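Remember, predicted model here, so these are calculated numbers, not experimental data. Below, each value reflects all heavy atoms present in this structure, side chains not excepted, and no hydrogens, waters or symmetry copies.
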Amino acid sequence: MKIVVLDGFTLNPGDLTWDGLKALGEVILYDRTEAADILSRSKGAEIILTNKTPLSAETLNALKGDLKYIGVLATGYNVVDVEAAKELGIPVTNIPTYGTSSVAQMAVSHILNFTQRVREHAVAVAEGRWTAQPDFCFWDFPLIELEGKTVGVIGFGRIGQRFADMIAGFGCKVIAYDAFPSDQSGRENFEWVDLDRLFKESDIISLHCPLFRETEGIVNAENLKKMKKSALIVNTSRGPLIVEKDLAEALNNGTIAGASLDVVSTEPIKADNPLLKAKNCWITPHISWATGEARARLMDIAVDNVAAFQKGSPINVVNS
């Protein structure tokens, strides 16, 4: 089968292997694909793998007849018009579980950056400021202990729960909101709450929910005003969960103390994004998923998805 990978570079910049996929058919690899080239590069493909390259209804209809399967190299699959694919009888699969620990770890890393300011203090030492100090230590920012803090988690699926496991190890109380609460009776120092209470009581809020109509813009001016002035908000999930203009204003006005983000509404981030100039805002370039271990799992699952389809029993289908 002819397999086309439209944008394989972010998954595999050279440290992984495509051999598992190549064992399943003729593979044509592209590091990146511009919009103007999507159709020409996809022509004749029976299988298309895409990460962020969009496949619209128009493109899918132009490829019907040959195209039999679409594999998204990520958990989110909004880059594909899944309803159009369904109408054409084309299954679309995603990679649902590969980055659970890595994403949770990044959320914790952002929190520790806020509480300890390791980089800023290390830079100060490198610049000679410690050498010139009359005392044995100094700090430029308040240092915050996590023990006893209340951490609110919005979205309590696999990643939200793994994050809760990690942050609970620091002695934090975890409160959580999810549209479909699960049984967490075995979890200590944990409580289900409504959104209003979560925004009001949390010292830290970490977002781990999918992007749906109900969750888009869940962090907005109204909810930000409910938060403690000392609070931090962390987003390693989806950029549009936050109304970025509202968050920038809240940071600049001191409504909350900080924001740590691995995702924004448009990626790569636009130069005019108001968060780039907001006070106490730390932004990383959507890398929570990108540990070597997580990418290796992603590759393995992607290959398994294709193999299962070829055997007539597709798995991880999102448009069945």
Among W139, F141, W130, which residue satisfies the ring pair (Phe, Tyr, Trp, His ring centres under 6.0 Å) criterion with H121? F141

Electrostatic pair D165-R187, nearest N-O below 4.0 angstrom: yes

What I want to check is whether the side chains of N305 and N316 have a donor and an acceptor closer together than 3.5 Å. yes

Polar side-chain atom of S260 near backbone of V234 as donor-acceptor pair, under 3.5 Å: no

Side chains of T284 and D262: is there a donor and an acceptor less than 3.5 Å apart? yes

Between the main-chain N or O of S56 and the side-chain N or O of D81, is there a donor-acceptor pair closer than 3.5 Å? no

Donor-acceptor pair, distance only, cut-off 3.5 Å: does the side chain of D66 make one with the backbone of L63? no

Any sub-3.5 Å donor-acceptor pair from N253's side-chain atoms to E249's backbone N or O? yes

Short side-chain to backbone donor-acceptor contact, R295 and L11, under 3.5 Å: yes

Between E201 and K228, is the closest basic N to carboxylate O distance under 4.0 Å? no

Is any NZ, NE, NH1 or NH2 atom of the basic residue among E147 and K173 found under 4.0 Å from an Asp or Glu carboxylate oxygen of the other? no

Is there a side-chain contact between T150 and V174 in this structure, where contact means two heavy atoms from C-beta onward sitting under 4.5 Å apart? no

Say whether N235 and S237, considering side chains only, have a donor N or O and an acceptor N or O under 3.5 Å apart. no

Hey, are N273 and K270 close enough side-chain-wise for a donor-acceptor pair under 3.5 Å? no

Residue pair I111, L232: steps toward the side-chain contact (heavy atoms from CB on, under 4.5 Å) verdict: CA-CA 8 Å; I111 291 169; L232 170 74; 4.1 Å; yes

State yes or no: are the ring centers of F156 and F190 separated by less than 6.0 Å? yes

Does the gap between the ring centers of H208 and F163 come in under 6.0 Å? yes

Could you verify whether a donor N or O on one side chain and an acceptor N or O on the other, from R41 and T33, lie under 3.5 Å apart? yes

side-chain contact (heavy atoms from CB on, under 4.5 Å) evaluation trace for L112 with L146: CA-CA 9 Å; L112 293 177; L146 286 171; 3.9 Å; yes

Main chain of A294, side chain of T291: is a donor-acceptor contact present, judged purely on distance under 3.5 Å? yes

Check: T115 and E145 side chains under 4.5 Å, non-hydrogen atoms: no

Per the side chain to side chain contact (heavy atoms under 4.5 Å, CB included) rule, which among I90, I38, L67 passes with L55? I38

Is the backbone of D7 close enough, under 3.5 Å, to the side chain of N51 for a donor and an acceptor to pair up by distance? no

Examine W289 and V264 and state if one hydrophobic cluster contains both, with Ile, Leu, Val, Met, Phe, Trp and Tyr joined whenever side-chain heavy atoms are less than 4.5 Å apart. no

Does the side chain of Y69 come under 3.5 Å of the side chain of T93 through a donor N or O and an acceptor N or O? yes

Hey, is the main chain of K279 close enough, under 3.5 Å, to the side chain of N252 for a donor-acceptor pair? yes

Cation-pi geometry met for R297 and Y98 (6.0 Å, 45°): no

In terms of heavy-atom contacts, does CD of Q133 have more than 12 from other residues, nucleotides or ligands at under 6.0 Å? yes

If the threshold is 4.0 Å, N to carboxylate O, is there a salt bridge linking R117 and D140? no

